[in-house]
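Here is the naming used below: chain letters follow the sequence lines, and residue numbers restart at 1 for every chain. Treat the numbers as computed from the prediction; the structure is a model and nothing was measured.
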2 protein chains.
Amino acid sequence: MRRPTLHAVAARAGVSKSSVSRVINGEPTVAPAIREIVMAAVAELGYVPNGAARNLVTQRTNTIAIIVSDPPAGLVSDDPMFAMVVRAASRELESAGKQVSLMLAGSDESRLRVEKSLAAGDVDGAILVSMDGADPLPAILSRTGLPIVSHGRLATPGLMPWVDNDNHGGATAAVQHLLAQGRRRIATISGPLDMTAAQERLTAYRETLKDTGRRSIVALGDFTRISGADSMRQLLEDDPDLDAVFAANDLMAIGALRTLRQAGRRVPDDVAVIGFDDIEAALYAAPALTTIRSPMTAQAVQTTQLLLNLLTHGSADPVVLPTELIIRESA
Amino acid sequence: MRRPTLHAVAARAGVSKSSVSRVINGEPTVAPAIREIVMAAVAELGYVPNGAARNLVTQRTNTIAIIVSDPPAGLVSDDPMFAMVVRAASRELESAGKQVSLMLAGSDESRLRVEKSLAAGDVDGAILVSMDGADPLPAILSRTGLPIVSHGRLATPGLMPWVDNDNHGGATAAVQHLLAQGRRRIATISGPLDMTAAQERLTAYRETLKDTGRRSIVALGDFTRISGADSMRQLLEDDPDLDAVFAANDLMAIGALRTLRQAGRRVPDDVAVIGFDDIEAALYAAPALTTIRSPMTAQAVQTTQLLLNLLTHGSADPVVLPTELIIRESA
DNA sequence: AAGCGGTCAGGGAACGTTCCCTGAGGCAGA
DNA sequence: TCTGCCTCAGGGAACGTTCCCTGACCGCTT
């Protein structure tokens, strides 16, 4: 009781398998009468072309890998970025008729798996999501010659096209907003410095403060809520007189709000807080979080389009998307 | 400049392709001398077996589909559930040596794509995530005869094994906690009623209140923050004297907190709020959210294991995981 | 009326594996 | 020494498509 093959359909319809193949693939050079009889046989037998056989002969799989760097297991990872980026990219790929293969790249073992899978021809191309700068994967994978794009700029330039948002401009706007409010001791909670987004946001913070002759106060987080809370505690200890904090993403800003609340500091009266990303939770924070909106969904969509272009036209250029200051209550 | 094939490796090593195949697949019946010479040739040529050819002849793909119901495009969807479940299931599948194919099932079109893909033999099995009861997909897919399991109980029983958490027990505990605090007018914000989790939580709420002779006050949400905020507004309008709210998930509870804050009600003094799920954001809410912990990661892991069992042993039974009351500040 | 071009169906090789089957060779037992 | 068994390498069919190439047939032009 096997699934019907092209051959079975051809026999049923009384035509050659070439003709059936032509009908299935919508080729125009087939007589209406034959087309009809074949379609009837297909419907009758419930025929669906075998994917593996097709992949083998065409040397393509119609599948795109979404490769996401995975934190060590056990870590809480309800990262809104993951959900939004993976969802948006998948949607876009699916409506372009591509299948989506999700690969997590955490351990060395999993990185090897990814490498083999691309080498095995399991996919036609790949989207790399938020690789950190220390990760050797982008360099290795770019050597396969497959079309690959990156969601987020890579530490090593020139390996592949990418789409990122204007981290430098956004962070500059954030710090300038705090300065414009008359804040004098402005600290920052940075992301992990092996990620370019974290680097760019930190650099912009430093440069903007330097221009006004103020000193930097930096705590190092890792883009999670808990690291934001911890970093905020640290900052309060180091510099009890600070009156503003720029967190390199909203998750850490939300963690910082919690610490400030526990420490009895009023936001924004005692300490202003500004985040980055404008995730939905920012609107529901207490007080509602002032932040820099980064177009997450648009970025994912553009990254996908970049790959699709690369697939069809063979070339693609990096893209930088603008950010926007969203003023709410926290700063 | 093609990628090397089994044939090329065989020629290079001076053995038959059968022997190479045996070495690649780790079969024991091969002489050490041959094994060594083959491995050397493999390394030298950088050979990686072609996935499509292997899939074709073995009639298996080593790929599992994760099928997630997708809200209409445009909707904000940073759902922590998506991230945690997809991540945990992927990790588990990958460490079992399976590839992961992610499929979104939103529109009729995408549902058809999923159906065809399973029929085409693109995957060896599938995990359905949080299908709503109105979705015809589970019934259709279960007819393919492929091993399929569901993350979350389905409306139609018996179609396939599933793993769920104890929604009824959890919701009962939540309402009893509010009662024990002396709350008298306890409202609920329900999830979308075509999802079994929402149904079960609502039923438990109703039954528990009925046992103490109190009346139900129900608003209908859809598991998003904004619907929680809207429903809370509605509830305050309908019954200004309510002194407690049980939200069917944390996201809606967080939305409700915002509305209460805007309405000037103190939590928990004026109104107690309790959620469900214990997502990480619950800890960072202001006030910190009392909630029912549902073991999201464990549920995803167990669902995956259930599928892997089904694949190897051919049978599997439904699983219900316990929940736990987490008392914080909001109730 | 004959030739030529164009349209469209069919045959069959090829894609790169796995796996069954055959058979070679070696070793032990009689 | 010969037979028989056991181990292990090689040959080749099969998996289910696509696509190239051949050739039939029809209609139009000269």
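Scanning all heavy atoms of the two residues, the minimum distance from B/Phe223 to B/Pro192 falls at CD1-CD, 3.6 Å. Nearest heavy-atom pair across B/Asp135 and B/Leu137 is OD1-N, 2.8 Å.
Comparing atom distances between the B/Val57 side chain and each of C/dC15, D/dG16, C/dT17 picks out C/dT17 as nearest.
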Where do B/Val149 and B/Val163 land on the side-chain contact (heavy atoms from CB on, under 4.5 Å) test, with the steps shown first? CA-CA 8 Å; B/Val149 300; B/Val163 178; over 6 Å; no

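Although no hydrogens or angles enter the test, the distance criterion places a donor-acceptor pair under 3.5 Å between the side chain of B/Arg111 and the main chain of B/Gly106. Using a distance-only test at 3.5 Å, with no hydrogens or angles considered, a donor-acceptor pair links the side chain of B/Asp79 to the main chain of B/Met81. A donor-acceptor pair is defined here as one N or O able to donate and one able to accept, closer than 3.5 Å; such a pair exists between the side chain of A/Thr196 and the backbone of A/Arg153.
If you measure from atom NE2 of A/His7 to atom C1' of D/dT18, you get 16 Å, rounded to the nearest angstrom. Rounded to an integer number of Å, the gap from A/Leu6 CG to C/dG12 C1' is 14 Å. The separation between A/Asn62 atom CG and D/dT17 atom P is 16 Å, rounded to whole Å. Per the geometry, CZ belonging to B/Arg60 stands 15 Å off P belonging to D/dG16, to the nearest Å. If you take CG of A/Leu45 and C1' of D/dG16, they are 15 Å apart, rounded to a whole angstrom. Here D/dT17 presents its P atom at 5 Å from CG of A/Asn50, a figure rounded to the nearest Å. The interatomic distance linking A/Arg54 (CZ) with D/dT17 (P) rounds to 8 Å, in whole Å. In this structure, A/Arg3 places its CZ atom 10 Å from C1' of D/dG16, rounding to the nearest Å.
No more than 12 heavy atoms of other residues, nucleotides or ligands sit less than 6.0 Å from atom CD of A/Glu36.
Residues passing the side chain to side chain contact (heavy atoms under 4.5 Å, CB included) test with A/Glu44 are A/Arg12, sequence neighbours excluded.
The only member of B/Lys98, B/Glu92, B/His151, B/Gln299 that meets side chain to side chain contact (heavy atoms under 4.5 Å, CB included) when paired with B/Thr304 is B/Glu92.
Bending across the helix from C/dA1-D/dT30 to C/dA30-D/dT1, expressed as the angle between its end axes from five pairs apiece, amounts to 50° (10° rounding).
At a non-hydrogen distance threshold of 4.0 Å, A/Lys17, A/Ser18, A/Ser21, A/Asn25 from residues 14-38 of chain A come into contact with DNA chain D.
For the pair A/Gln59 and C/dA14, the criterion of a side-chain N or O lying under 4.0 Å from OP1 or OP2 is not met.
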